[in-house]
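Computed from a prediction, not measured in an experiment: that's the story for all the values here. What's counted below: heavy atoms across the whole structure, side chains too, no hydrogens, waters or symmetry copies.
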Amino acid sequence: MEEIRVRIAPSPSGNLHIGTARTALFNYLYAKKTGGKFILRIEDTDAERTSQAYIDNIFDSLKALGLNWDEGPDVGGPYGPYTQSERFDIYPKYVQELLDKGFAYECFCTPEELEAEKEEATKNKKAYVYSKKCENLTEEEKAKLRAEGRKPAIRFSVEKAQKAFHDTPIVHFEDLVKGDLHQDTSLIGDFVIMKSNGSPTYNFAVVIDDMLMKINTVIRGEDHISNTFKQILIYEALGAEIPKFGHLGMILAPDRSKLSKRHGATAVSEFVERGYLTDALINFVALLGWSPSDGEEIKTVDEIAKDFRIHEVSSSNSIFEYDKLNWMNGQYIKKLELKDLAERLKPYLKKYDLNELTEEQYLHMVEITREPLTLLSDITDAVEYFFGEYPTIDKEVQETVLDTETSQTVLKEVLNRIDGWDFNNLHEILEEFRGYFKEQGIKPKLTMWAIRAAVTGRTRGADMCGILEILGKDKVKARIQKVVK
RNA sequence: GCCCCCAUCGUCUAGUGGCCUAGGACACCUCCCUUUCACGGAGGCGGCAGCGAUUCGAAUUCGCUUGGGGGUACCA
């Protein structure tokens, strides 16, 4: 069988979008599954919106997600260049070929004329289709228009291509995920393939690039379905082999609209900044439209690749909900080695002076605070009381815990005993201490609450023994003294 | 407006005419564990959009309706 060649072709007009990441993933999975090649092509035709920062972001994000490409702008490959703006000189040749074969023609219409046609169509409740008024211009007419200073755009003759290669105007193709798809090509206007400024349009450039890069399978979002029919006609007109297409459902926001900034993060890098692990992100996004055959949802990309079948991908849209992503991120955090986690948490601890702790204490702190983490960034708030002399005490904690007679009794007793406590043996000491008060009718829970509130300013948090150990006797004593009346 | 796509718990999904009294995961609720929060464990709530048709039999096939999404550019 022919080697599968798939690609992801992001447009660097923004940071790598989570939806693009999913498309990239499915391409990657298909390549891995079939032993094919995964290619990265940067579609920076629109110079206005392109920036190097976005290109870097796309590279970095894809790498962070583990979606490494076999051919691309940085690593090269046999069919480069892989950046569209560097390919501008190769398009005219194919435009000329289409012109010569009669599948394309020059169009001198002005934007105003085109606009008028569209308005007319809207008024008549008809689909707008270009009038083709430039299709049969004589050489004299063209020369005259050119003399006026008008520069032509090149349009593709949909009807001619259709008639040359299809019996009916209804063009079909077998989509890898959606099955038979069709479209009445008489409803497609003669679209521009080369703008009057000489740059190719998207629909033309992709075909040329995919053709030249020998891309034989195109997996992309279903927003491209309508483009597919245009592209098929171009392939045929060029006498090129038509690739297989697979269209994925879109990812929607919870309100079923397009995922955008107002719904929160959209770029992979934003998710990372917010404390998501790329492993969790990619795993989550794989589950949008695909499900594992063994029901085990936590999987690496490689494991997913083994189990991946493009035909089994769901053809409907899916909604991006944070609940499951958060849960999954928590699962991935749990799986991290302590030292690895400790390193990854550092960016979220910049507001604290980590020098207050030894490396050993730092690791210990992470060890006892890691359990409830859903996001790496949750650590920021979770460890606040480990830093500084005294913790900030919540008003409610002060009133409901520290101000009670029971708490004061407990804390005074701690101060009575603390000098004799061996902080290396806190577990037993606290056990005994709780027992002492339990005999007096004070619940262990209340005993611990009093200490916790005094030392951390909170009623909830990490394991008490660990907290006291890390803080050390002096600090613990000082903090308790401060709240005892 | 026109064209196309899609439709199973709140969400992601399993399901390809009888194994379905529709399964799982997340979320939610209850209980257990417990020095708190959490983790973990055990339960629970909850769905085939509607209507017709085909069939002995339909979540599964067909049609219509409704709903959602996409496209409709000299953007990509």
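If you check A76(B), U36(B), U13(B) against the side chain of Lys445(A), the one that comes closest is U36(B). Checking U36(B), C6(B), C74(B) against the side-chain heavy atoms of Trp449(A) singles out U36(B) as nearest. Comparing G1(B), C74(B), A25(B) against the side chain of Leu114(A) picks out C74(B) as the nearest. In this structure, the nucleotide among C39(B), A76(B), C5(B) sitting nearest to the side chain of Glu371(A) is C39(B). Looking at the side chain of Met448(A), the nearest of the listed nucleotides U35(B), A76(B), U36(B) is U35(B). With A25(B), U35(B), A14(B) as the candidates, the nucleotide lying closest to the side chain of His427(A) is U35(B). Taking the side chain of Ser314(A) as heavy atoms from C-beta on, and the options A7(B), U11(B), U13(B), the nearest nucleotide is U13(B). Side-chain atoms of Glu321(A) lie closest to U11(B) of the nucleotides U11(B), C26(B), C5(B). The listed nucleotides are C6(B), G70(B), G24(B); the one nearest the side chain of Lys324(A) is G24(B). Which of C6(B), G69(B), A76(B) sits closest to the side chain of Ser316(A) comes down to C6(B).
The pair Lys93(A)-Glu97(A) fails the salt-bridge criterion, with no side-chain N (NZ, NE, NH1 or NH2) lying under 4.0 Å from an Asp/Glu carboxylate O. A salt bridge links Glu113(A) to Lys133(A): one of the charged nitrogens lies within less than 4.0 Å of a carboxylate oxygen. The pair Glu120(A)-Lys126(A) does not meet the salt-bridge criterion, since no charged nitrogen lies less than 4.0 angstrom from a carboxylate oxygen. Arg417(A) and Glu413(A) are joined by a salt bridge, as a carboxylate oxygen and a charged side-chain nitrogen come within less than 4.0 angstrom of each other. At a threshold of 4.0 Å, the pair Asp307(A)-Arg309(A) counts as salt-bridged, since one of the basic side-chain nitrogens sits closer than that to a carboxylate oxygen.
Residue contacts shown for Glu117(A) are absent, as no nucleic acid heavy atom lies under 4.0 Å away. Among the heavy atoms of the strands, none lies under 4.0 Å from Asn326(A). Lys195(A) comes within contact range of at least one nucleobase, with a heavy-atom separation under 4.0 Å. Using a 4.0 Å heavy-atom criterion, one finds that Arg458(A) contacts no nucleic acid atom at all. Glu43(A) comes within contact range of the sugar-phosphate backbone alone, with a heavy-atom separation under 4.0 Å but no base atom that close. When heavy atoms are screened at a 4.0 angstrom cut-off, Gly289(A) is found touching the sugar-phosphate backbone but no base atom. Among the atoms of the strands shown, base atoms are found under 4.0 Å from some heavy atom of Ala462(A). In this structure, Arg452(A) reaches the bases: a heavy-atom distance under 4.0 Å links it to at least one base atom across the strands shown. Among the heavy atoms of the strands, none lies under 4.0 Å from Lys443(A). No contact: Ile154(A) has no heavy atom under 4.0 Å from any strand. Heavy atoms of Gly461(A) sit under 4.0 angstrom from at least one base atom. Contact annotation for His182(A): backbone-only contact, meaning every heavy-atom pair under 4.0 Å involves sugar-phosphate atoms and none involves a base.
Comparing C5(B) with C9(B), their C1' atoms sit 24 Å apart, to the nearest whole Å. Taking atom P in both G18(B) and U61(B), the straight-line distance is 12 Å, to the nearest Å. A27(B) and U11(B): their C1' atoms are spaced 8 Å apart (whole Å). Comparing the P positions of G69(B) and C51(B) gives a spacing of 24 Å, expressed to the nearest Å. Between the C1' atoms of G50(B) and A58(B), the separation comes to 16 Å (whole Å). Taking the P atom of each, C29(B) and U72(B) are spaced 44 Å apart, rounded to whole Å. Rounded to a whole angstrom, the distance from the P atom of A22(B) to that of G47(B) is 10 Å. The separation of U60(B) from G44(B), taken at their C1' atoms, amounts to 29 Å, rounded to a whole angstrom.
For a distance-only test at 3.5 Å, the side chain of Ser318(A) fails to qualify as a donor-acceptor partner of the base of C12(B).
Rounded to the nearest 0.5 angstrom, Glu141(A) CD and Glu106(A) CD are separated by 12.5 Å.
As a whole-Å value, the separation of Ile225(A) CD1 from C4(B) P is 12 Å. In this structure, Lys299(A) atom NZ and U13(B) atom P are separated by 16 Å, rounded to whole Å. As rounded to whole Å, 11 Å separates atom C1' of U35(B) from atom CG of Leu468(A). Whole-Å rounding puts the Asn124(A) CG to C3(B) P distance at 15 Å. Ile379(A) has its CD1 atom 19 Å from the P atom of C37(B), to the nearest Å. The CZ atom of Phe173(A) sits 10 Å away from the C1' atom of C5(B) (whole-angstrom rounding). Following rounding to the nearest Å, Phe156(A) (CZ) and A73(B) (P) show an atom-to-atom distance of 17 Å. If you measure from atom CG of Asp394(A) to atom C1' of U36(B), you get 15 Å, rounded to the nearest angstrom.
When both pairing distances are held under 3.5 Å, C51(B) makes a Watson-Crick or G-U pair with G63(B). The base-pairing partner of C45(B), taking Watson-Crick or G-U wobble contacts with both distances under 3.5 Å, does not exist among the strands shown. Across all strands shown, C39(B) forms no Watson-Crick or G-U wobble pair with both distances under 3.5 Å. Look at C2(B): its Watson-Crick or wobble partner, with both distances under 3.5 angstrom, is G71(B).
Arg155(A) places no side-chain N or O within 3.5 Å of a backbone atom of Ala153(A) that could act as its donor or acceptor partner.
Between Tyr82(A) and Phe59(A), the ring centre distance reaches or exceeds 6.0 Å. Aromatic rings of Tyr94(A) and Phe204(A) (six-membered ring for Trp) have centroids beyond the 6.0 Å cut-off, not under it. Aromatic rings from Tyr202(A) and His224(A) are positioned such that their centres are separated by under 6.0 Å.
Positionally, the nearest nucleotide of RNA chain B for Thr122(A) lies more toward the 5' end than for the other of Thr122(A) and Lys230(A). Along RNA chain B, the nucleotide closest to Pro444(A) and the one closest to Asn197(A) are compared, and the more 5′ of them pairs with Pro444(A).
In this model, the phosphate group of A14(B) is approached by a side-chain N or O of Ser291(A) to a distance below 4.0 Å at OP1 or OP2. For the pair Gln183(A) and G70(B), the criterion of a side-chain N or O lying under 4.0 Å from OP1 or OP2 is not met. For A38(B), neither phosphate oxygen OP1 nor OP2 lies less than 4.0 angstrom from any side-chain nitrogen or oxygen of Arg370(A).
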